[in-house]
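These numbers come from the heavy atoms of this one structure, side chains and all, not from hydrogens, waters or symmetry mates. Treat the numbers as computed from the prediction; the structure is a model and nothing was measured.
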Amino acid sequence: MEIKNLEQRHYSDVSRIYQQAIDAGNITLATKTSPWESWDNDHLKNMRFVALEDNAVIGWVALSPVLQRTGYHGVTELSIYIDENHHGKGIGNMLMQHIIDSSEQAGIWTIMSFIFPENDKSIALHKKFGFNHLGTQHKSAQLKGVWMDNCILERRSTIIL
Ligand SMILES: CC(C)(COP(=O)(O)OP(=O)(O)OC[C@H]1O[C@@H](n2cnc3c(N)ncnc32)[C@H](O)[C@@H]1OP(=O)(O)O)[C@@H](O)C(=O)NCCC(=O)NCCS
């Protein structure tokens, strides 16, 4: 397994893996994947990585800005998605460690995630890497007409001070 920068040529696999999470029905609010131009615009250019096995994309991780206001440029939101055929093999661990290390090297001080309470695997992964559960928003969004709660998790770097 190797980790490379996520480039446009990887995007069909990135969106295929994201579609698996959409199809699962309880992981993301998205109902369809985005075109490359939109995804490219929404995510930080230097904080997007793929995990490759035999040159095939088996997972990805990326950060996007949370607020555009002055002073908040080091606050980001995480997306991490592993191909469902490769869950439980340590890929999430490796991508999470990589994005934390890369983000701290780039001066990013906060990574946030908004996770549905039922996504226990993702919550466990985040807590393992030092994310704190700040609280839960109740009935904060609708997924196909159903109210969803959202756990807010945050990892504040102890290096960028
Ligand atoms: C959540 C996800 C990223 C974890 O990736 P993964 O490659 O399967 O996870 P790993 O094998 O690297 O395990 C990493 C940690 O995740 C947690 N985890 C993984 N599988 C788990 C399971 N079945 N039950 C509970 N915790 C689990 C554990 O904390 C684990 O740490 P450990 O290795 O010390 O046990 C992956 O399951 C996934 O892509 N899920 C669908 C998309 C998603 O939920 N993304 C996050 C949206 S907020």
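At least one side-chain heavy atom of V57 sits under 4.5 Å from a side-chain heavy atom of L52. Taking 4.5 Å as the limit, some side-chain heavy atom of K128 sits within range of a side-chain heavy atom of N93. The side-chain heavy atoms of H133 and I152, taken from C-beta on, include no pair separated by under 4.5 Å. Side-chain contact between E53 and I91 is absent, with no heavy atoms from C-beta onward closer than 4.5 Å. Annotation: side chain of K89 is not in contact with side chain of M1 (no heavy-atom distance under 4.5 Å).
N55 CG: 12 or fewer foreign heavy atoms inside a 6.0 Å radius. For CD of Q68, the number of neighbouring non-hydrogen atoms (other residues, nucleotides, ligands) closer than 6.0 Å is 12 at most.
In the hydrophobic cluster analysis, where Ile, Leu, Val, Met, Phe, Trp and Tyr join through side-chain heavy atoms closer than 4.5 angstrom, Y81 is grouped apart from L125. By the rule that hydrophobic residues join a cluster once side-chain heavy atoms approach within less than 4.5 Å of another member, I100 and W109 end up as members of separate clusters. L6 and I99 sit in two unconnected hydrophobic clusters of ILVMFWY residues. Membership requires side-chain heavy atoms under 4.5 Å apart, directly or through other members. Under the 4.5 Å side-chain heavy-atom criterion for Ile, Leu, Val, Met, Phe, Trp and Tyr, M96 and M47 are members of the same hydrophobic cluster. Hydrophobic clustering, with ILVMFWY side chains joined whenever heavy atoms are under 4.5 angstrom apart, keeps V66 apart from L44.
Rounding to the nearest 0.5 Å gives a distance of 11.5 Å between CZ of F114 and SG of C151. Between the CG atom in N150 and the OG1 atom in T136 there is a gap of 8.5 Å [rounded to 0.5 Å]. Rounding to the nearest 0.5 angstrom, the gap separating the NZ atom in K45 from the CG atom in D40 is 3.5 Å. Rounding to the nearest 0.5 angstrom, the gap separating the CG atom in N5 from the OG atom in S102 is 8.5 Å. We find the OG1-CD1 distance between T33 and I17 to be 12.0 Å, quoted to the nearest 0.5 Å. One finds the CE atom of M148 at 7.0 Å from the CG atom of L29 (value rounded to the nearest 0.5 Å).
The minimum heavy-atom distance linking L63 with T76 is given by the pair CD1-OG1, 3.7 Å. Closest of all the heavy-atom pairs between I22 and T31 is CG2-O, 3.7 Å. Looking at every heavy atom in both residues, I123 comes nearest to P117 through CD1-O, 3.7 Å. When every heavy atom of A62 is checked against every heavy atom of W60, the shortest pair comes out as CB-CZ3, 4.1 Å. In terms of heavy-atom proximity, G130 sits nearest to R155 at O-CG, 3.9 Å. Across all non-hydrogen atoms, the minimal contact from L95 to V50 is CD2-C, 4.3 Å.
Judged by distance alone, with hydrogens and angles left aside, the side-chain atoms of R156 form a donor-acceptor pair with the main-chain N or O of I160 at under 3.5 Å. A donor-acceptor pair is defined here as one N or O able to donate and one able to accept, closer than 3.5 Å; no such pair exists between the side chain of T110 and the backbone of S157. Panel note: side chain D83, backbone N85; a donor-acceptor pair is recorded below 3.5 Å.
Classified by interplanar angle (parallel below 30°, tilted 30° to 60°, perpendicular above 60°), the ring pair Y11/W39 is tilted.
Between Y18 and T28, the side chains place a donor N or O and an acceptor N or O closer than 3.5 Å (distance only, hydrogens not considered). Judged purely by distance below 3.5 Å, without hydrogens or angles, the side chains of N41 and E37 never pair a donor atom with an acceptor atom.
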Where do K4 and F49 land on the side chain to side chain contact (heavy atoms under 4.5 Å, CB included) test, with the steps shown first? CA-CA 6 Å; K4 297 271 195 195; F49 302 99; over 6 Å; no
Side chain to side chain contact (heavy atoms under 4.5 Å, CB included) assessment of N119 paired with I27: CA-CA 7 Å; N119 194 348; I27 294 174; 4.0 Å; yes
Please assess H98 against V61 for the test side chain to side chain contact (heavy atoms under 4.5 Å, CB included), listing each intermediate value before the final yes or no. CA-CA 9 Å; H98 190 81; V61 65; 5.8 Å; no
Taking it one step at a time, do Q19 and D23 satisfy side-chain hydrogen bond (donor to acceptor under 3.5 Å, both in side chains)? CA-CA 6 Å; Q19 184 66 47; D23 293 343; 2.8 Å; yes
Chi angles and distances behind the side chain to side chain contact (heavy atoms under 4.5 Å, CB included) call for K121, H87: CA-CA 10 Å; K121 284 200 283 190; H87 283 186; 3.2 Å; yes
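For H10 and W36, the ring centers are positioned 6.0 Å apart or more.
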